[in-house]
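Here is the structure we will look at.
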Amino acid sequence: MIVPSGIGKKRLSLLQDKVVLHGGRLVSSFEEEGRLTHVIVDDMLSIDGFKKYVEDEARVAGVPVLKTQWLSRCLAENAIIPLGEHQMFAMPKICPTVLVGTSLGHPHEEQTKEISINKDGFACAHASGMKTDNVNQLITEELGKLAKIYKNSNDHWRALTYERAINQIKKLPKPISSYEEAKVLHGIGPSLADKIWEIVEQGKLRKAEKLSEGEKVRTLELFTSIWGVGATTAELWYGMGLRNLNDVKTKAHLTHQQQIGLKCFDDLLERMSRAEAGEIAAVIRKAVEELCPGTQTFACGSYRRGKSTCGDVDVLVTHPDGVSHEGLFQPLLKKLKLSGFLTDDLMIQEQSTAQQKYLGVCKLHKENAKYRRLDIIVMPYGELAPALMYFTGSAHFNRSMRLLANKMGMSLSEHGLRAGVVRQGREKVNDGHLLETPTEASIFQHLGLEYRPPEDRDH
DNA sequence: TGGCGGTACTG
DNA sequence: CAGTAC
DNA sequence: GCCA
């Protein structure tokens, strides 16, 4: 609901149009139907002025009353942004909030999460976790083809732009049907809007179709789908005249990683069920528990984000006493190898006691089990929250968090959040100081964001 | 026009 | 260092 | 390829 008082006529209708364009629903104060989730008012409106406008106070009880600036930013970012300082006030609540427990082994902060009544509203509220199906699937698929082609040919900044645009479009509740609707979105400029328009009109992208037919594009895609092969190597091999996996096996010089990539090629292209990812995580949890009781393991990545299938399994290992994680890595890997669970190493730093990351391949002990990618990181307990955040992703989510941190003069990594970071161009002049981040929620808080549970961290 | 996440490991 | 990956 |  937008309270028109104090908002210029022109601006009001502009805002209203945009809300609708983004899939929102405008609710008037007289309308009985429909849930009210947010109230937008002019910054200068007083509580009394507000009460006067709304006859029925029960109608707005507990609903946040926000400045127009909040709505503008939501529209610009195409997301429901934290209310924070945009919130002016809220009428006393009538509805209680509900506490819901989660069953996964998350740290205390996430054992309960608040579910308040005023959740969805306009659909730009889709914080990625709401399981709405993608109504612009055709568009995102076509753009995805180009994104991949650009990535495979080392044009990764362009690919990044495409991926961002795709993420943005996925959040939309309504199909895009015009150039203008696309162009309004943050991260979509003339070129992308053009392409989207073409997809809407023609049902496909000529450029993607044409490129996909090309031998080079198809070969680069094949090569880069081998683990350990990126755009540069693929291009090199193509230049050498290699065209298929057999050529690669017989004529290319392969790194250890690429040999494994080839050996497990078919299996690693597949995603596994969520259940299997859970089984794999359980194997590690059991081994860790036997080695050092009290050690905690967290299955992160897409598993923690609640996905129904997983491309790999990411397991974070730590110990609450802050010390026992040290020296745990080598015995753990040894034990997992001895049992035949770990089959190949992709990245392992054997001669350093400071190893923190292991990337490898595993296989469950059962009939027809497939090779699966497994990542393990061992972290000191003090870095648990930033590490969980990093390892849970998604990649795009991590990027945006770190970008925001930068803007605020901070720096976020899997080790911690620092404030007062001074940069001169790229290099840091001052490392700043570490902030206290006992929980993931505290990281959101430092950045002025509302907490987002893992399921809502897809974009 | 420069920047686009920040870091760990391999060869 | 470049390349690759998370 | 888009944005500040």
Side-chain angles (χ1 to χ4, degrees), chain A residues 76-77 143 146-147 149-168 182-196 207 223-237 253-261 268 300-302 311-316 329 345-352 354-360 373-379 383 386-408 410-418 421 423-428 431 447:
Chain A
E77 296 178 31
L143 294 181
L146 277 185
I149 290 170
Y150 286 130
K151 195 176 342 162
N152 292 341
S153 55
N154 242 341
D155 194 348
H156 77 267
W157 294 126
R158 195 176 309 246
L160 178 64
T161 298
Y162 274 70
E163 279 163 14
R164 283 176 173 168
I166 290 166
N167 272 332
Q168 198 75 324
K183 182 71 179 61
V184 180
L185 302 178
H186 188 269
I188 297 191
S191 175
L192 275 164
D194 255 352
K195 292 187 172 65
I196 291 168
K207 185 163 181 173
F223 290 171
T224 54
S225 57
I226 304 169
W227 205 96
V229 179
T232 305
T233 307
E235 177 77 46
L236 176 74
W237 287 350
H253 170 261
L254 296 172
T255 65
H256 175 240
Q257 297 173 328
Q258 293 160 351
Q259 289 173 32
I260 296 162
L268 296 192
C300 302
S302 50
D312 64 3
V313 185
D314 308 288
V315 180
L316 170 55
F329 226 137
D345 305 325
L346 289 165
M347 212 184 249
I348 181 170
Q349 180 70 291
E350 282 171 293
Q351 53 255 40
S352 159
Q355 179 185 7
Q356 47 179 314
K357 180 189 263 184
Y358 171 85
L359 310 184
R373 283 275 301 103
L374 170 64
D375 301 347
I376 305 175
I377 59 176
V378 177
M379 287 292 199
E383 298 178 3
L388 264 177
M389 179 141 253
Y390 157 77
F391 223 30
T392 299
S394 68
H396 270 282
F397 174 81
N398 287 347
R399 283 185 147 149
S400 60
M401 288 289 278
R402 290 168 186 202
L403 196 63
L404 177 64
N406 273 351
K407 279 195 198 149
M408 302 179 62
M410 304 195 232
S411 153
L412 176 65
S413 80
E414 55 265 51
H415 298 297
L417 179 63
R418 318 187 135 264
V421 178
R423 290 185 179 75
Q424 259 185 24
R426 0 195 26 106
E427 66 232 73
K428 281 178 291 207
D431 277 357
L447 294 172

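Hydrogens, waters and symmetry mates are skipped; everything else that's a heavy atom, side chains included, is used. Quick note on labels: first sequence line is chain A, next is B, and so on, each numbered from 1.
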> Rounding to a whole Å, what distance do you find between A/K151:NZ and C/dA5:C1'?
Replying inline: 11 Å
>> In this structure, how many angstroms lie between the P atom of C/dA5 and the CG atom of A/L374, rounded?
In response: 17 Å
>> Please pick, from C/dT4, D/dC2, D/dC3, the nucleotide with the shortest atom-to-atom distance to any side-chain atom of A/H186.
In response: D/dC3
> When we call it a touch if two heavy atoms are under 4.0 Å apart, what does A/A405 touch: a base, just sugar-phosphate, or nothing?
Replying inline: nothing
> For nucleotides 5-11 of chain B, read 5' to 3', which letter fits each nucleotide if B means a protein heavy atom sits under 4.0 Å from the base, S means only the sugar-phosphate is that close, and - means neither?
Replying inline: BBSSBSS
> Roughly how many Å is it from CG in A/L254 to C1' in C/dG3, rounded to a whole number?
Replying inline: 15 Å
>> What contact category does A/K195 fall into here, base, sugar-phosphate, or nothing, at under 4.0 angstrom with non-hydrogen atoms?
In response: sugar-phosphate
> Which residues satisfy the salt bridge (charged side-chain N to carboxylate O under 4.0 Å, His left out) test with A/K195, sequence neighbours excluded?
Replying inline: none
> Can you tell if the side chain of A/F391 reaches within under 4.5 Å of the side chain of A/E414, non-hydrogen atoms only?
Replying inline: no
> Rounded to the Å, how far apart are A/L185 CG and D/dC3 P?
Replying inline: 10 Å
> For B/dC4, does either OP1 or OP2 sit under 4.0 Å from a side-chain N or O belonging to A/T161?
Replying inline: no
> Can you name the side-chain hydrogen bond (donor to acceptor under 3.5 Å, both in side chains) partners of A/D194, sequence neighbours left out?
Replying inline: none
> How far, in whole Å, is C/dT4 from B/dG5 if one measures between their C1' atoms?
Replying inline: 16 Å
>> Run the salt bridge (charged side-chain N to carboxylate O under 4.0 Å, His left out) test against A/E383 and tell me which residues pass, sequence neighbours left out.
In response: none
>> Could you tell me if the side chain of A/F223 sits less than 4.5 Å from the side chain of A/Q258, heavy atoms only?
In response: no
>> In this structure, how many angstroms lie between the P atom of D/dC3 and the NZ atom of A/K407, rounded?
In response: 12 Å
> What's the CD-P distance between A/Q258 and C/dT4, to the nearest Å?
Replying inline: 8 Å
> How many Å lie between CG on A/N154 and C1' on C/dT4, as a whole number?
Replying inline: 11 Å
> Within the structure shown, what part of the strands sits under 4.0 Å from A/D314 by heavy-atom distance: base, sugar-phosphate, or nothing?
Replying inline: sugar-phosphate
>> Checking A/D431 now: which residues fulfil salt bridge (charged side-chain N to carboxylate O under 4.0 Å, His left out) with it, not counting sequence neighbours?
In response: none
> By salt bridge (charged side-chain N to carboxylate O under 4.0 Å, His left out), which residues pair with A/D375, not counting sequence neighbours?
Replying inline: A/R373
> Over how many whole Å does the gap from A/D345 atom CG to C/dA5 atom P extend?
Replying inline: 17 Å
>> Considering every strand and a 4.0 Å limit on heavy-atom distances, what is the contact class for A/R418: base, sugar-phosphate, or nothing?
In response: nothing
